[in-house]
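Data block below; observations after.
Order of the sequence lines sets the chain letters (A, B, ...), proteins ahead of strands, with each chain counted from 1.
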Amino acid sequence: MNNSPLVTVTFEGTSHEVPQGISVAAALLGHIHAEYTSINPATGEHRSPHCLMGVCFDCLVEIDGRPNQQACLTPVRQGMVIKRQTTLVESA
Amino acid sequence: MQDQYDLVVIGAGPSGLNAASTAAENGLEVILVDEQEMPGGQIYRNVTSPKAPDRFLQADDRKTGQAIVARFFNSGADYLPNSLVWFAEPGRILCSCHNRTREIRGQYLVVATGAMERPVPFTGWTLPGVMGAGAGDILHKDAGLFPKGPVVIAGNGPLIPLAGSHLISGGVDVAAVIDTAPAANMIASITGLPGTLRDIPFMLKGAGMMKTLLFSKTPVIRNAKQIQALGNGRLERVKAVSAKSVREFNASTLLVHQGVIPRTHFTRMMGLAHEWDPVQRYWYPRTNARGKSSMERVYVAGDTAFVHGAQASACKGSMAGIDVALKLNMIGYDEAKSQWAGVEKEMAKALAPRRFADRWFAPAPDLYDVDDQVMVCRCEGVKAKDIREAVAQGCHQADEIKIRTRCGMGPCQGRMCGPALAEISALALDCPVPDMGALNIRPPVRPIPFAQISALAKTG
Amino acid sequence: MPLLTSGPAPGTINPDNVHNIMKQAIYKHAAQGFAPLRSLGDRFSFSRKQPGVVSPARPEKHFTVLIAGGGVTGMAIGYGLARQGIDVGILDASSKKDRASRSNMGLIWCQSKALGNPDYVKWGFLSSRLFPDMTGEIEELSGIDIAYAPSGGIIPCLGEEDFNRRARYIDDLRVEAGGRYPGEMLSRPELAKLLPKITFGNQVTGGTFCDRDGFVEPLKLMFALRQAMVRKGGTFLNNTRVTDITPMGDTAGGKNSGYIVTTKDRTYSCDRLVLAGGLGNCQLAGRFNVRVPITPDRGQVLLTERVGNILPIPILGITRTPGGTIMVGFMHENVGTDTALVPESVAREALWAESVWPGIADLRVIRCWSSLRVMPRDGFPIYDTLPGHPGIFLVNAHSAVTLAAVHARILPGFIMGRDITRELQGINLDRFRLNRFEQQPR
């Protein structure tokens, strides 16, 4: 059904082909089927995108080594490395 | 890029687009700054994409959106997408674009940051699989995706019948539509009915959606309360209590919607004066009929000024753009009046059904009277009982409760918990909600890399 | 109440109208936080009551001690008094300007300051020594964990010159202390060993380290003190602003018969009154012709996203809070009561932080704010009674968090009549007239 060009991204080490131009959140929800995308540092709960428009901050993931990126506001890019946000910055 | 613009517009939804268009058409130097890649805001998200015909339920909506965007691109205004505005004061904004912060100066500012879904906490609302109904719409418009079924839709607001009918038409397994509108709303909204009758398309749209719902097999539960999302680490079931029974449905996705409220973080950060609407129960920035705020040279347009929907937003944007052109002496008063006249007629039509809609979809008085264990602040894990305890310990203002409990101090800075914080504490104090005050919002209004702030000192 | 927008120019006062004009000028000054000059008070007799204020009603409740101001300072004193079984009440107004207790970095900081004022140096270290016991008490009473961390503290030095200057300062403090001083200079490699998870900037040559310093969660501290005071029998009266203070009985010859304290809706009485209202003390003390030499000192703070425990020891100006966010703030600006945030000015702080710790540049800032410290002119606390009013105590300090323990343990004795100059000389109002201790503390 989808005939837009595809890009390859990795999520938690596994490669996935997803349509170009969609948000990382849409890719995680609808193509990669990630059960959850982060662990909340205050409560320890699993979280996943909720509002999809940049307001709830529950879609935070680590993109290309940078933590605290809002997946719903970031379009996918070829070669992007996505990881769940589960740990805080451990050294700088 | 100019050294200084006549007008800087923040937000590329229908109101921002029209504010920019009308101002530019009247000869002003205008720039429109937006966080997304393509214009359209939320309601017209990706409306210029070749896939839009598949993704917009109503062809008229799509065509209207495309026309507004096309007009903007023809108007001569500058356009800066993919940019997060994190600071604004009269005369300038600071925005982050391509990992660099830049300053954009403008004599006038139009804030058109739109609206958001009313965040209402309930048991299990933080579980993966629970999303706003608007999120479902965004997934579809952005990526052509439907949420994973079985889907339950719950709440009280205009997006409920929209989401329900849309998903059912799309062949998604909709397990239930749970309507939490209190019966009293139907009576209260009758006073608005005459106005609604003036807007036949609006009525037909609503009727069409209701028809889709009624003729599907999907159970519709009315007058429901106490929605609960249940599951182990993920949504598995949705429970709803109605007058007659307790119902439970297996679900992979729960789309919730309790109405739409203005996004006021930006306007609060700027220090604009705000008013409280007792029917819809939200704060909105004070504006005059043309959108001018309490601050000189700052306008607010669209749903940020008050939630009136896309059509009215487009009109409000035009009003503001014309007013700025008048203030800057690009057009005379007669010219402005004649431009306004057309817009005003359309605006009256757009506002006609609002009285009805606002009362039909008014939040139930006990909407926020949640159980002690419900997590109110998603970011920091603060529960309703923590808020009530803070009130009991003498914290009687929203900001005091915030610093006592940490509610509102996380990454979202109170966007998702601010309304609940005020409502729950007002209930505990038995005082009007506006008496609690609102959270104090400071820049950056979006998180900004430290390096971009220090860079401001390097360039001087 | 009509106010002139500027005072009468010298020589233009119509003698027939002098009473009204002077009254207006004086009220305008009082409203701005300045007390009338003593000479005027002496030459013109006028009512101290503001027009429109009714004679105080009968007090609803009597306290042995009433404290005006419920920030960390007032609350520590209130807790300390309640702990001794003294009947204490705190009146706390919600202020837009006096928010220092709600917007500081929570540092307990005694090191490397106040050369020339050895009593104050000892005062700070004493507070640090008393902190753990006080923490234990208030945590148990309130159930609130204040996240007290006796982590020690680091002052970084950028460049050779800065390092040498700081080393000389520490040496001088050591000499003044009679040879022993709990602060030492560390080389860059030694600092790096203390903080292995961050990399210092190239210009960092080393710094001081003092193991008596540390930090708490400042908001939790304030609320824990409040709850502990209440649990010990004290009374917290929130959302109340003092509108009038009247002596009960004659005050001639420095007699104290107590005071009636009026707020918007209520009236109270007390044997002793403590003014702990921060910047608000100017207006409170101003009613008694006393000028309090404190000024608002603006600080601006940046708050980043949460990080792991990579900064267990605060660097002066960069602190990792117990919750995991990083606070950056060290500026002092004299801009009156202007708390508007100026991004370019915050940017200078950010630049400094990057020069100390370049890795901070990669973090995201989620919020900035600016707030007003309460800064006595010479930087040292003021603990005194108002001239002619031995029952009214004036307390102002800008290191309220550091001094919370001594405020809770020792100041209550001062309030109840003990002479505090045994611990601390030169902390009274007189020193400003005598121009002692002009040097600002580091």
Part of Val230(C) lying under 4.5 Å from any heavy atom of chain B: neither
Report the distance from atom OG1 of Thr304(C) to atom CD1 of Ile453(B), rounding to the nearest 0.5 Å. 10.5 Å
Taking all heavy atoms of Arg367(C) and all of Asn440(B), pick out the closest pair and write down the distance. NH2-O, 2.9 Å
Met409(B) side chain near Leu219(C) side chain, heavy-atom distance below 4.5 Å: yes
Distance-minimising heavy-atom pair for Ser454(B) and Leu351(C): CB-N, 3.7 Å
Over all heavy atoms of both residues, which pair between Pro343(C) and Arg92(B) is shortest? Give the atoms and the distance, please. CD-NH2, 3.8 Å
Could you check which of Gln413(B), Glu103(B), Arg406(B) has the highest count of heavy-atom pairs closer than 4.5 Å to chain C? Gln413(B)
Results of ring-ring contact (aromatic ring centres under 6.0 Å, His included) for Tyr284(B) - residues two or more places apart only: Phe306(B)
Heavy-atom distance under 4.5 Å to chain C: side chain of Glu380(B), backbone, both or neither? side chain
Exceeds 12 heavy-atom contacts within 6.0 angstrom, atom CD of Glu140(C): no
Is chain B contacted by the side chain of Leu237(C), its backbone, both, or neither, given a heavy-atom distance below 4.5 Å? neither
CZ of Arg226(C) to CZ of Arg404(B), rounded to nearest 0.5 Å, is 8.5 Å
Heavy-atom pairs under 4.5 Å with chain B: which of Ser370(C), Ala353(C), Ala347(C) has the most? Ala347(C)
When every non-hydrogen atom of Phe236(C) is compared with those of Gly394(B), the smallest separation belongs to CE2-O, 4.4 Å
Rounded to the nearest 0.5 Å, how far apart are CD1 of Ile403(B) and CE of Met222(C)? 4.5 Å
Exercise: identify the closest heavy-atom pair between Phe450(B) and Val365(C): CD1-CG2, 3.6 Å
Cut-off 4.5 Å, heavy atoms of chain B, and the answer for Ile144(C) is side chain
Which bit of Thr339(C) is near chain B, if near means a heavy-atom gap under 4.5 Å: side chain, backbone, both or neither? backbone
dist Gln393(B):CD -> Gln227(C):CD (nearest 0.5 Å) comes out at 3.5 Å
If you round to the nearest 0.5 Å, how far is NE2 of His396(B) from CG of Asn238(C)? 5.0 Å
Exceeds 12 heavy-atom contacts within 6.0 angstrom, atom NZ of Lys232(C): no
Can you name the residues that form a ring-ring contact (aromatic ring centres under 6.0 Å, His included) with Tyr148(C), not counting sequence neighbours? Phe131(C)
